[in-house]
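The next block holds one structure in the form of structure tokens; read it before the comments.
Below, all heavy atoms of this structure are taken into account, side chains as well, without hydrogens, waters or symmetry copies.
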Amino acid sequence: MKRLLSFIVTVAVLTGVMVFSTPGLLDKVRLGLDLKGGFEILYQAEPMETGGALTHSSLQKTAESLEKRANALGTSEPEVTTEGTDRIRLKIAGVTNEAEVRKKMKEPAVLTFRSAAEGDPEGTYSKIELVGSDFVEGAAEVVPDNLNQPMISIKVKDKEKFAEITERLLGKTLAIYLDENLLSDPVVRNVLTDGGASISGSYTNESARELADTINLGALPLKLTEKYSQSVGATLGKQSLDQTLLAGLVGSVIILLFMIGMYRTPGLLASFALILHTWLLILVFVIADFTLTLPGIAAFILGIGMAVDANIITNERIREEMRSGKSILSSVKAGNKSSFRTVMDSNITTIIVAAVMFGFGTGAVKGFALVLIVEIVLSIATNLYFSHWLLTLLVKSGKLRTPKHFGVKESEIRAL
């Protein structure tokens with residue numbers, strides 16, 4: 001009776017939570033550029049210094065830095081691709097202020113640290129001492145000073161160059177510029193020989209963080225010039241999404257009916273586990289702020305297919321044990337045990353492949369791989385452990401006493 005009550009309470013609570021929360025979760029799912037529309041920018045890259053080389057490696061590094069910069073703007077899963085030998089295309093979904101995005105994306109490429117040259121008017125600095133690529137990427141951070149006031153800690157790549165600059169400018173200003181806009185004008189207080197320095201002044205936590213982020217994102221090996229930008233409509237993506245959702249809904253109903261008709265009660269439990277699996281995936285998308293794209297939908301459907309396959313393998317193994325003449329409980333235990341390794345081997349090898357795709361892929365490939373990995377992990381939790389637990393609970397409660405509850409005819413059972 002306790003097992004039956006546990007089964008009923010578990011199913012009832014989960015069903016209630018899914019029914020009441022699903023509409024709100026669906027509204028919170030972030031759609032990608034191909035589904036929601038957004039903003040697209042094409043940049044042409046050139047060396048920061050005259051006569052510098054533009055290599056495939058430097059172009060790829062710039063693209064990676066550009067992707068980090070887009071993520072820092074609060075966007076999710078931006079698509080950054082290189083084209084030819086000197087171009088980078090950036091796509092950002094759900095952009096509401098295109099002018100601000102264009103401005104923010106361009107800013108770090110022309111970050112400079114300057115000193116006053118001979119003839120400069122008071123308060124202006126034209127001699128470039130350092131550029132963004134002179135700094136260690138990601139090294140700028142906000143730290144408290146002795147009075148617990150925010151300051152920015154930075155590190156440069158060339159210690160000797162930095163030592164020469166700080167010695168020459170001791171007691172003078174080393175100004176920080178973004179394009180031609182002065183961000184800060186700190187005074188060099190000491191000769192710095194270890195490649196590290198701190199920028200202090202009347203900073204708030206917010207302004208200090210903004211300056212640190214600007215320095216971090218300014219470490220680009222190439223200068224970017226915007227060739228064109230455009231808004232991207234979601235008409236094609238919307239049509240694809242509607243058609244995919246319709247196909248997925250029809251396919252899911254057919255699969256669930258097949259599972260129930262073929263495997264009876266275990267098929268019903270497997271169908272419930274599949275619905276829970278889908279709900280959990282949507283929940284992960286919302287909590288982790290993932291972006292749903294067409295490749296992500298493809299991974300979603302593939303994961304559902306693998307989950308269905310896992311349930312079919314398990315239920316068939318249980319039926320085989322039942323046909324051999326074993327009892328209901330023994331068949332369930334043996335079937336679950338024999339199918340577990342087969343399903344786990346399949347899932348683990350797929351996770352390995354998806355991990356390789358995520359590690360070496362870019363853009364849509366990484367999105368596909370990430371969704372697939374999450375899908376498989378959730379499938380293991382729901383379609384292996386959870387559905388097995390529900391079935392065992394129901395069998396031990398005494399409610400599944402005959403083979404017909406599993407879709408097995410008495411005539412198919414062989415005597416031991």
Side-chain angles (χ1 to χ4, degrees), residues 6-32 35-36 76-77 240-261 263 265-315 343-344 346-347 350-351 354 367-394:
S6 297
F7 175 87
I8 294 173
V9 170
T10 300
V11 173
V13 170
L14 288 175
T15 300
V17 171
M18 288 189 289
V19 168
F20 286 106
S21 63
T22 298
L25 288 177
L26 291 175
D27 291 338
K28 294 179 182 178
V29 174
R30 185 193 295 268
L31 300 180
L35 300 176
K36 187 178 181 180
S76 184
E77 201 176 327
S240 299
L241 178 61
D242 292 341
Q243 293 172 0
T244 302
L245 290 177
L246 178 60
L249 182 61
V250 173
S252 298
V253 171
I254 294 174
I255 289 171
L256 296 183
L257 291 176
F258 168 80
M259 295 284 289
I260 296 171
Y263 301 109
T265 303
L268 184 61
L269 297 181
S271 299
F272 181 76
L274 285 171
I275 295 172
L276 178 62
H277 166 89
T278 304
W279 179 82
L280 287 174
L281 182 63
I282 297 173
L283 182 64
V284 169
F285 263 80
V286 174
I287 294 176
D289 199 26
F290 288 165
T291 297
L292 180 62
T293 61
L294 288 177
I297 292 176
F300 179 87
I301 295 173
L302 176 60
I304 292 293
M306 293 182 64
V308 172
D309 186 52
N311 281 294
I312 290 176
I313 291 174
T314 300
N315 288 322
V343 175
M344 282 298 294
S346 173
N347 286 331
T350 306
I351 287 178
F368 174 88
L370 180 60
V371 174
L372 186 57
I373 291 173
V374 174
E375 275 260 46
I376 294 174
V377 172
L378 292 178
S379 178
I380 292 172
T382 56
N383 297 290
L384 281 183
Y385 289 101
F386 181 69
S387 63
H388 289 184
W389 178 75
L390 284 182
L391 182 59
T392 303
L393 203 63
L394 207 55

Taking atom [atom1] of [X] and atom [atom2] of [Y], what is their separation to the nearest 0.5 Å?
| X | Y | atom1 | atom2 | result |
| --- | --- | --- | --- | --- |
| D309 | S346 | CG | OG | 6.5 Å |
| I380 | N347 | CD1 | CG | 4.5 Å |
| M18 | L25 | CE | CG | 11.5 Å |
| F7 | L393 | CZ | CG | 7.5 Å |
| I351 | L372 | CD1 | CG | 8.5 Å |
| I304 | L378 | CD1 | CG | 9.5 Å |

Residue that, paired with T15, satisfies side chain to side chain contact (heavy atoms under 4.5 Å, CB included) out of V11, V17, V13: V11
Side chain to side chain contact (heavy atoms under 4.5 Å, CB included) between Y263 and N311, worked out: CA-CA 10 Å; Y263 301 109; N311 281 294; over 6 Å; no
Stepwise side chain to side chain contact (heavy atoms under 4.5 Å, CB included) test for F285 and V374: CA-CA 10 Å; F285 263 80; V374 174; over 6 Å; no
Which pair of heavy atoms, one from [X] and one from [Y], lies closest together, and at what distance?
| X | Y | value |
| --- | --- | --- |
| T382 | A273 | O-CB, 3.7 Å |
| L269 | L390 | CD1-C, 4.1 Å |
| N383 | A270 | OD1-O, 4.3 Å |
| G296 | V371 | O-CG1, 3.6 Å |
| S387 | L384 | OG-O, 3.7 Å |
| N315 | P266 | OD1-CB, 3.3 Å |

Donor-acceptor contacts under 3.5 Å from residues 275-282 side chains, at least two apart:
| residue | atom | partner | partner atom | Å |
| --- | --- | --- | --- | --- |
| H277 | ND1 | S379 | N | 3.4 |
| H277 | NE2 | E375 | OE1 | 2.5 |
| T278 | OG1 | L274 | O | 3.0 |
| W279 | NE1 | S21 | OG | 2.9 |

If you apply the rule side chain to side chain contact (heavy atoms under 4.5 Å, CB included), what do you find for F272 with F386, and how did you get there? CA-CA 10 Å; F272 181 76; F386 181 69; 3.9 Å; yes
Does some side-chain heavy atom of F368 sit less than 4.5 Å from a side-chain heavy atom of F300? no
Which is it for M259 and I312 under the side chain to side chain contact (heavy atoms under 4.5 Å, CB included) test, yes or no, and what are the steps along the way? CA-CA 8 Å; M259 295 284 289; I312 290 176; 3.9 Å; yes
